[in-house]
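Side chains are part of it too, since the values below use all heavy atoms of this structure and drop only hydrogens, waters and symmetry mates.
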Amino acid sequence: PAAPVELPLAEVVKVAVRQSPELERARIDVDAARAALLQAEGIEDIHLGATVTTEVVHAPPTDTFTNDLNDQTVSLSASRALPTGGTVSLIASASRSNDRIIQRTPIPSEMQDTQDQEVRFQVDRIVSQGASGGLGLSLKQPLLRGAGSTAFEAPIRQAGQRRDAAALAREARARDLVVSLAQAYWQVAFAWRQLEVRKGSLDLAEKQLEHTLGAIKAEKVARSEALAVQQAIAIRKQDVIAGEQELYERSLALRQLAGL
């Protein structure tokens with residue numbers, strides 16, 4: 001079998017922190033809470049808007065009912081939430097037109113054929129150009145429970161508290177993991193040292209048996225003395241087996257906890 005590898009407690013903790021699913025989940029929770037706080041602080045941002053519209057209509061020369069249109073409109077807006085819970089908005093707009101409007105003028109009756117009973121019109125296209133602009137300011141302010149900085153800052157404070165709670169939870173999980181790793185590590189160390197002591201005790205018992213068997217051959221002690229030593233050896237072998245099993249279980253628990 002391969003020789004056991006000794007790892008310092010610091011290395012075990014480093015590997016466990018890097019591979020722990022609980023700590024990774026806690027890190028994700030902290031990142032999510034920070035993102036939620038950033039989103040909540042977005043209510044203090046300035047929001048910009050822009051709208052551009054164009055209308056173009058071109059009628060064929062034979063169409064005497066449709067106007068030629070070429071109109072453009074631009075609108076810009078900027079709004080921001082106020083610490084009092086209200087909203088202020090500034091809106092600027094401008095428009096330009098370059099149209100050809102159909103003008104239908106009735107032809108006087110003396111210019112028409114007397115046999116023609118229909119009224120005839122003279123169709124002209126008149127160029128119409130124009131431009132306009134405007135500037136507006138809008139203020140909206142709640143007057144009841146939504147008024148004041150307390151209500152305005154409530155989402156930000158709530159998101160900040162969630163971020164702090166997630167960070168504390170992560171620290172608590174890391175602390176619990178380190179404590180559990182330290183306990184499991186020293187339990188393995190204790191089981192290892194205890195196994196070495198039991199093996200040393202078994203070696204001493206086997207040497208005692210050799211010494212007793214030599215004394216029996218020299219007829220210095222009774223043969224029954226060997227039975228007691230053999231019984232002690234059997235008990236210590238059982239202790240060694242139990243120690244190896246305990247060391248294996250402790251090591252397995254440590255590897256599972258540390259992700260080794």
Side-chain angles (χ1 to χ4, degrees), residues 1-43 153-213 225-260:
V5 179
E6 294 188 10
L7 284 177
L9 178 57
E11 291 295 328
V12 175
V13 172
K14 185 183 299 184
V15 174
V17 169
R18 186 171 60 248
Q19 299 184 1
S20 172
E22 290 294 328
L23 292 184
E24 181 64 19
R25 189 180 301 112
R27 184 191 65 80
I28 294 174
D29 292 341
V30 172
D31 291 342
R34 288 174 179 171
L37 175 59
L38 183 62
Q39 182 179 10
E41 291 175 343
I43 62 176
E153 297 175 356
I156 300 178
R157 289 197 302 270
Q158 185 178 16
Q161 291 169 356
R162 290 178 178 174
R163 179 204 56 187
D164 296 341
L168 292 175
R170 183 186 181 188
E171 292 179 2
R173 291 180 182 178
R175 186 166 49 249
D176 293 342
L177 177 61
V178 171
V179 171
S180 299
L181 285 171
Q183 292 177 347
Y185 181 86
W186 291 116
Q187 287 175 352
V188 171
F190 176 76
W192 195 344
R193 300 308 179 193
Q194 188 178 46
L195 178 60
E196 290 180 349
V197 172
R198 291 179 179 180
K199 287 181 177 180
S201 178
L202 177 60
D203 292 339
L204 290 176
E206 291 176 344
K207 292 178 180 179
Q208 180 65 28
L209 179 61
E210 293 177 0
H211 178 74
T212 301
L213 292 177
E225 294 293 331
L227 296 176
V229 178
Q230 290 173 348
Q231 183 179 6
I233 290 175
I235 294 174
R236 292 177 184 181
K237 284 183 178 180
Q238 292 178 353
D239 292 340
V240 170
I241 293 174
E244 291 176 344
Q245 180 65 27
E246 182 178 3
L247 177 59
Y248 172 78
E249 293 176 354
R250 299 293 186 185
S251 299
L252 181 61
L254 177 61
R255 288 197 296 270
Q256 290 177 345
L257 184 61
L260 299 174

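Applying the salt bridge (Lys or Arg N to Asp or Glu O under 4.0 Å) test to every pair with at least one member in residues 157-166, sequence neighbours left out, gives these pairs: Glu153-Arg157.
The side-chain contact (heavy atoms from CB on, under 4.5 Å) search around Gln231 returns Ile235, not counting sequence neighbours. Under the side-chain contact (heavy atoms from CB on, under 4.5 Å) criterion, Gln183 pairs with Val179, sequence neighbours left out. In terms of the side chain to side chain donor-acceptor pair (under 3.5 Å) criterion, Gln158 has no residue partners (sequence neighbours excluded). Partners of Glu246 according to the side chain to side chain donor-acceptor pair (under 3.5 Å) rule, which considers only residues two or more places apart in sequence or in another chain, do not exist here. Applying the side chain to side chain donor-acceptor pair (under 3.5 Å) rule to Arg170 yields no partners; only residues at least two apart in sequence or on another chain are considered. Under the side chain to side chain donor-acceptor pair (under 3.5 Å) criterion, Gln245 pairs with Glu249, sequence neighbours left out. For Glu171, the salt bridge (charged side-chain N to carboxylate O under 4.0 Å, His left out) test picks out no residue, with sequence neighbours left out.
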Run the salt bridge (Lys or Arg N to Asp or Glu O under 4.0 Å) check on Arg193 and Glu196 step by step: do they pass?
CA-CA 5 Å; Arg193 300 308 179 193; Glu196 290 180 349; 3.3 Å; yes

Start with the C-alpha distance between Thr212 and Gln208, add both sets of side-chain angles, then the distance that settles side-chain contact (heavy atoms from CB on, under 4.5 Å), and finish with yes or no.
CA-CA 6 Å; Thr212 301; Gln208 180 65 28; 3.6 Å; yes

Show, in sequence, the C-alpha distance, side-chain angles and deciding distance for Leu213 and Val229, and conclude whether the side-chain contact (heavy atoms from CB on, under 4.5 Å) test is met.
CA-CA 10 Å; Leu213 292 177; Val229 178; over 6 Å; no

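The 12-atom threshold is exceeded at CD of Glu244, counting heavy atoms of other residues, nucleotides or ligands nearer than 6.0 Å.
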Identify all side-chain donor-acceptor contacts of residues 198-206 below 3.5 Å with residues at least two apart in sequence or on another chain.
| unit_1 | atom_1 | unit_2 | atom_2 | d |
| --- | --- | --- | --- | --- |
| Arg198 | NH1 | Asp239 | O | 2.8 |
| Ser201 | OG | Arg236 | NE | 3.2 |
| Ser201 | OG | Arg236 | NH1 | 3.4 |

Less than 3.5 Å apart, which donor and acceptor atoms pair up between the side chains of residues 23-38 and the rest of the protein, not counting sequence neighbours?
| unit_1 | atom_1 | unit_2 | atom_2 | d |
| --- | --- | --- | --- | --- |
| Glu24 | OE1 | Arg27 | NE | 3.4 |
| Glu24 | OE2 | Arg27 | NE | 3.3 |
| Glu24 | OE2 | Arg27 | NH2 | 2.5 |
| Arg25 | NH1 | Glu22 | OE1 | 3.2 |
| Arg25 | NH1 | Glu22 | OE2 | 3.0 |
| Arg27 | NH1 | Asp31 | OD2 | 2.8 |

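Between atom CD of residue Gln187 and atom CG of residue Leu247 there is a gap of 12.0 Å, rounded to the nearest 0.5 Å.
Here the side chains of Arg250 and Leu254 are not in contact, with every heavy-atom distance at 4.5 Å or above.
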